[in-house]
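One structure is given below, encoded as structure tokens.
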Amino acid sequence: MPARPHDAVNPAGGTDVPVNPATGRLVFGWLLVGIPLAYGVITTLSRVGQLFQ
Amino acid sequence: MNWLDRSRSIAPPGFNRWLIPPAALAVHLCIGQAYATSVYKSALIGHFGLSQTAIGIIFSIAIVMLGLSAAIMGTWVERSGPRKSMFVAASFWGAGFLVGAAGIFTSQLWLVYLGYGFIGGIGLGIGYISPVSTLMKWFPDRPGMATGMAIMGFGGGALIASPMSSALLKFFDGFDPAVDGADWIASGTSVGKLFLTLGIVYFAVMMYGVLNIRVPAPGWMPRGWDPSKAKVSAMVTTAHVSAANAIKTRSFWLVWAVLFLNVTAGIGILEQASPMIQDFFRGADGNSAVNAAVAAGFVGMLSIGNMAGRFIWSSTSDVIGRKRIYMVYLGAGALFYVVLAFFGGSSMLLFVAMAVVIISFYGGSFATAPAYLKDLFGTFQVGAIHGRLLTAWSAAGIAGPLIVNGLLDAQGKPGTMNAHNYLPVLLTMVGLLVIGFVASTLIRPVDAKYHEPEEELASARKGS
């Protein structure tokens, strides 16, 4: 996989090691925090709608 | 428990740093529940048959313990690394709920004080600072954005906990809208079950953070980022200051004063949000154009502003600088408070817009603080210094409500006031922000006599 700007390298590893994207873990992690957050924001916004009715 | 040690959590070569923010958010989203305690406050008042004050003490203990544990344990957190400290935070936060549940089931309020307040409060303080310095080490090119992401989670935690707790309380009580009606208050037993559920769920989610947090290897840098080519600013040090020395500097106490004043001013709105909007739009007949349900929507809007401000303003500080963003929080904040005080009652849209922006500055000041400390004191013990800074939050949590309630009590009774009754409070907040603005202009780079010698830093790195 080609490296992207701002990808991490680890000089301690001895070489310019390309980043392991770890896509599965990345998606799981962001979904774990993103879904509850989206639920909270949407629930709150539905109450906010009453302000301008 | 060797797997919790800092040395066992060093990231392997090629580790994707974007795995770190979800691990940090997993902790902050859970401890952010502390902002959503009003959901079951009435239920606890009914269950224990006590006053608002007696129940309110539970949450006051938690917030005081947050500040104290962050200040006292900050150095330990820095030394032990994020994995061990996040594990301790998860254990205390989860155990706090379980002990609190035991107190509710047995009607022993002291157990709730001990559980949620004391034990849970320690989890709050350690959890709040645990991932912050790690994030800044992973994102040296964007420290404001990195800490903004995590601390946004603390604001967002209430947005999740509030509706989730309401839904669970209704489930445990077998709520029937046709029978229970709008005035329904949850039973104490269902609050006990809620505490049990939250204790287990929060511990599990925080353990995701524990298992996935990593510290970068010494010398690690993001690809394409060269610290020698980064924008040079006198306000961003390349040296390092220990926590013990940081609190001897004038700059630390100026940042402390700035945070204290900004948070005190923000609490002015947060504390009174619901009655305030109703009073601002009260007609000559004494009736308000804003009912309780609409006021609840306003409170929700403030929560979103609080959360969004943490990410947006803290990220902006990476571009315009920490000192400038604090001058915006304080200077523009004072201006918006003036507009709110004199013109807020003329338009609902103007009132809501001003209040939301002010609260976004309140959230932004929390999220930008760790990056400001990193700029002034370096990364050596920034977590511990951040812990000590959070005592400003505890102090503001006491001073803000005292000032606001004291000034409003002199104006009249809740539910009978108008916009002009809020002038003394709002203009006091303007005064606090102006003092904060002056304090912010006085913040200077830390004198070199406080910098850690290179050999001390090298031996500290070896030790960790």
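In what follows, chains carry the letters A, B, and so on, assigned in the order in which the sequence lines appear, proteins first and then strands, with residues in each chain numbered from 1. Worth knowing before you read on, the calculation uses all heavy atoms, side chains too, and leaves out hydrogens, waters and symmetry mates.
- Closest heavy-atom contact between A/Arg25 and B/Tyr208: O-OH, 4.2 Å.
- For A/Tyr39, the OH atom is densely surrounded, since the number of other residues' heavy atoms within 6.0 Å is greater than 12.
- Residue A/Leu32 touches chain B through its side chain alone, counting heavy-atom pairs closer than 4.5 Å.
- The two residues B/Pro22 and A/Val33 have their closest heavy-atom pair at O-CG1, 3.6 Å.
- Once rounded to the nearest 0.5 Å, the distance linking CG of A/Asn20 with CG of B/Leu19 reads 8.5 Å.
- For chain A, the nearby part of B/Ile304 is the side chain; its heavy atoms alone come within less than 4.5 Å.
- Here the side chain of A/Trp30 pairs no donor or acceptor atom with the backbone of B/Pro21 at under 3.5 angstrom.
- Looking at B/Asn16, its side chain does come within 3.5 Å of a backbone N or O of A/Pro21 through a donor-acceptor pair.
- Using a 4.5 Å heavy-atom threshold, the side chains of B/Met307 and A/Val41 count as touching.
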Which is it for B/Met301 and A/Thr44 under the side chain to side chain contact (heavy atoms under 4.5 Å, CB included) test, yes or no, and what are the steps along the way? CA-CA 7 Å; B/Met301 193 78 196; A/Thr44 306; over 6 Å; no
